[in-house]
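One structure below.
In this text the structure is predicted, and so the values were computed from the model without any measurement. Lettering of chains follows the sequences in order, A, B, ..., and the numbering in each one begins at 1.
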Amino acid sequence: MTKPVISIDNLSKRYIIGENIYGTGARTFRDLFDHKIRKLLDVKKHVAEKDNVIWALRDVSFNVDQGDVIGVIGRNGAGKSTLLKILSKITEPTKGRVTMRGRVASLLEVGTGFSYELTGRENIYLNGAILGMRKAEIDTKFDKIVEFAEVAQFVDTPVKRYSSGMFLRLAFSVAAHLEPEVLIVDEVLAVGDVQFQKKCMGKMKDVSQNQGRTVLFVSHNIDAIAQLCKKCALLEKGHLRVFGETDDVIRAYLKPEATQTGAFTNTKPASSAEKIHLESVKVMDATRRVTPKISSGEAIHVQVEYTVQKEVEGARVGIMLKNHQGIILVRNGDADVDLRHYEKRGPGRYVNSCAIPTSVLKNGDYFLTVFSDIPMREWLFYEEDVLAFEYQDFANNDVVYHEYPTGLMKFDFHWDVTKDA
Amino acid sequence: MDANRELILEPSPGYVAVNLRELWDYRELLYFLIWRDVKVRYKQTVLGAGWAIARPVVSMVVLTFIFNRLAGFSSDGVPYALFTLCGILAWNFFSEGLSGASQSLIVNTNLISKVYFPRLIVPAAAVLRGLVDLGIAFLVYILFMIYYQFFPGVQILALPLALLWGIIAALGVGLWFSAFGVKYRDIAQAFPFVVQLLFWVTPVGYSSDKVPAKWEVLYWLNPMTGVVEMFRYSLLGVAHLPVNLLILSAAVSVIAFVSGVYNFRRMEKEFADVI
């Protein structure tokens, strides 16, 4: 057996968060002095700082073999970008190691280092050099790059006069003509118009399937991952949750196990510090049956139960709805709709109910986050993606044309069609 | 990079040696970064090269007026204007290289956080692109040389050495400022003040022999004192060059450079996380 092209062993990356998310928390020299003096004077605070640590990656291990096309998926903050940055040598791991065999090129962004004042021709050379190409190599590929980008007429025009589409095509084209053994790509397809995305996808397919290169591909776009990748790695809060066949991993990604029942009960005991303690969250269909699968009816009912432990004023309780890509569709709290809810809530048990009209939902998986806050002042509770539910209404199905995006939500307008007399 | 070479990524110890082979592999990037900056600069400004000419000439007039006319300093038989212009060429190269290098990482945030390459290239490009401006300014110097009919002798052979010294001094100090500047943003505010201060303790508008003997050692701790005097020596043939003090100034430059490189290597692994 040949050795894997990339071996990742117990890779971990730690970020220390002080007063802000940067390194020691010292961002100005003044802060540094403050920080040192506080360390001297206040030992307790110094010890407490050990808690201000985020493991962006924790003991992640997997191997990538020659010719594999691997997708890396996960929600925001799962550690995808950190993993890519380590593999691209941009940042170092805190622990663990990666062994790579072969020439690696990474593409975390298209058009890095492009200079608007320079012409297309000049930018091709500049960007090529930044991505690690030799001048001689760029010379031989120059015509192909220009042709693929469809900018032949404008090659000696400053890039600032390009349309955004031309700019992206040129930027992608330079990157696409890198010929590494291992290619690491981040979200490149998330930009540009549909034509451009199609072109990118085509090139990516060509690179991975026809040329037999090893590709590591990170994306939020599940469709793209499903089309390109044989295997996937799913990251969750810095850990590798699943590594395997793409279909299985995507299924695991879309439906976290913890939230599959349609009901969530908070197992954390109420602490005296909490003004409001979340008790439970339920998702119900039109018949008020608790279920994670909703297939009919006019509304999805959500019920949030909580205990007010100390009288609060100015608080709101609400929900946030995300789609399967983690995009927030709506966030709404009780007091956003009726200001009277900001009035005092005395101690006791409360239930907030609301109904999400199904008429605006496309078929698919959704995630529910519940929160309570005093706006602009403090968070009372925040439980992210606490429940998942699936909405599948076959009677009122929206036909999905994958050729072009149909938007995040569904609206059936009242169309008037008239013919001019 | 060879196809079969294994690349291992793991936490590195505090100080990391400079990877010369890698720097050599990336020499074209260094060239392209310099080329980009020069090109953008001359495309953007209306004055273009005029700026590189006007600045030293105006400074020359002002400094000659102050030190020669007002203060009554002399310059060992060399036309005073030529004497100051020579100092200005060296000083401008240094101060622009230093400020360019200091800001270079912040200006290129995008590159640092999205692409890997040896980070040393960024401040190095910022210093080396000053050679283009220096070249243009040098043409002005030649015109003045012809006007005053004052030509350099064999001492001009020392010019490359003076230039190299200037590069080492600017890069040495610039590396310290650039590495710390990424982490501590208020360094940028102190910076113009530091440069201004350095200007007055560098013999740009006057000769270093005007400095009282008891302050000489302190004065020559400034790496630029040596650089400016070396420039004068190579172009004008006259200079105040006490050998032991010259060595002191050179030693400070080399120490600043070597320690600057090592500190940079120590701090660079955090750049992408902090920037």
Side-chain angles (χ1 to χ4, degrees), chain A residues 3 8-9 11-13 15 21-24 26-32 82 85-104 106-109 111-118 122-123 125-136 138 158 180-181 186, chain B residues 1-13 16 22 25-45 108-119 121-122 180-190 267-275:
Chain A
K3 285 182 178 172
I8 300 172
D9 297 314
L11 201 66
S12 300
K13 174 78 181 179
Y15 287 101
I21 58 164
Y22 304 103
T24 62
R27 275 296 262 184
T28 63
F29 229 52
R30 232 196 89 178
D31 285 347
L32 182 70
T82 306
K85 281 191 173 179
I86 293 173
L87 294 178
S88 316
K89 284 177 81 177
I90 290 165
T91 187
E92 276 190 357
T94 312
K95 281 185 197 159
R97 71 150 66 183
V98 180
T99 312
M100 301 214 248
R101 299 170 182 91
R103 179 176 144 162
V104 181
S106 63
L107 193 56
L108 301 198
E109 186 186 66
T112 305
F114 260 59
S115 187
Y116 285 89
E117 297 294 329
L118 299 181
E122 290 163 341
N123 270 307
Y125 280 95
L126 177 64
N127 191 238
I130 287 169
L131 294 173
M133 279 195 253
R134 285 283 155 79
K135 186 173 176 297
I138 305 169
E181 275 103 32
D186 188 13
Chain B
M1 237 186 276
D2 300 332
N4 295 316
R5 200 162 79 188
E6 278 195 9
L7 174 70
I8 293 176
L9 312 175
E10 57 188 348
S12 57
V16 195
E22 192 185 53
D25 279 347
Y26 277 90
R27 65 193 181 277
E28 283 186 353
L29 180 59
L30 175 70
Y31 163 74
F32 275 114
L33 287 182
I34 295 172
W35 173 82
R36 172 193 73 176
D37 287 348
V38 170
K39 227 165 178 167
V40 168
R41 181 162 164 179
Y42 288 114
K43 270 187 186 176
Q44 260 176 341
T45 55
N108 289 294
T109 295
N110 202 18
L111 290 189
I112 304 282
S113 58
K114 296 290 182 192
V115 189
Y116 173 78
F117 55 89
R119 304 317 193 194
I121 283 182
V122 171
F180 275 98
V182 168
K183 206 162 175 182
Y184 308 109
R185 294 292 166 97
D186 54 348
I187 296 246
Q189 291 164 28
M267 293 184 77
E268 73 173 358
K269 55 192 136 185
E270 276 190 10
F271 288 166
D273 297 340
V274 169
I275 206 161

Largest heavy-atom contact set with chain B, pairs under 4.5 Å, which of [options]:
| options | answer |
| --- | --- |
| A:K135, A:K13, A:E122 | A:E122 |
| A:T82, A:I130, A:T94, A:I86 | A:I130 |
| A:I90, A:L118, A:L87 | A:I90 |

May I ask you to name which of B:Y31, B:F117, B:F271, B:W35 has the most heavy-atom pairs under 4.5 Å with chain A?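 Ranked by heavy-atom pairs under 4.5 Å with chain A, first place is B:W35.
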
What are the two closest non-hydrogen atoms of B:L9 and A:P93, and how far apart are they?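 Looking at all heavy atoms of both residues, the closest pair is O-CG, 4.2 Å.
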
Taking side chain as everything from C-beta outward and backbone as N, CA, C, O, which of these in B:I121 sits under 4.5 Å from a heavy atom of chain A? Side chain, backbone, both or neither. neither

Evaluate the side-chain contact (heavy atoms from CB on, under 4.5 Å) criterion for residues A:L108 and B:V115: first the C-alpha distance (whole Å), next the side-chain angles of each, then the deciding distance (0.1 Å), finally the verdict. CA-CA 7 Å; A:L108 301 198; B:V115 189; over 6 Å; no

What's the separation between atom [atom1] in [X] and atom [atom2] in [Y], rounded to the nearest 0.5 Å?
| X | Y | atom1 | atom2 | value |
| --- | --- | --- | --- | --- |
| B:L111 | A:E109 | CG | CD | 9.5 Å |
| B:L29 | A:L131 | CG | CG | 10.0 Å |
| A:K89 | B:K269 | NZ | NZ | 13.5 Å |

Heavy-atom distances under 4.5 Å only: say whether A:S88 touches chain B with side chain, backbone, both or neither. backbone

Please name all residues satisfying salt bridge (Lys or Arg N to Asp or Glu O under 4.0 Å) with A:K95, sequence neighbours left out, ordered by chain then number.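 A:K95: no salt bridge (Lys or Arg N to Asp or Glu O under 4.0 Å) contacts found.
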
Hits for salt bridge (Lys or Arg N to Asp or Glu O under 4.0 Å) against B:E268, two or more places apart or cross-chain, chain-then-number order -> B:R265

Look at the side chain of B:E28 and the backbone N and O of A:A129, then say whether any donor-acceptor pair between them is shorter than 3.5 Å. no

Passes side-chain contact (heavy atoms from CB on, under 4.5 Å), A:L11 versus B:E10? Steps please. CA-CA 9 Å; A:L11 201 66; B:E10 57 188 348; over 6 Å; no

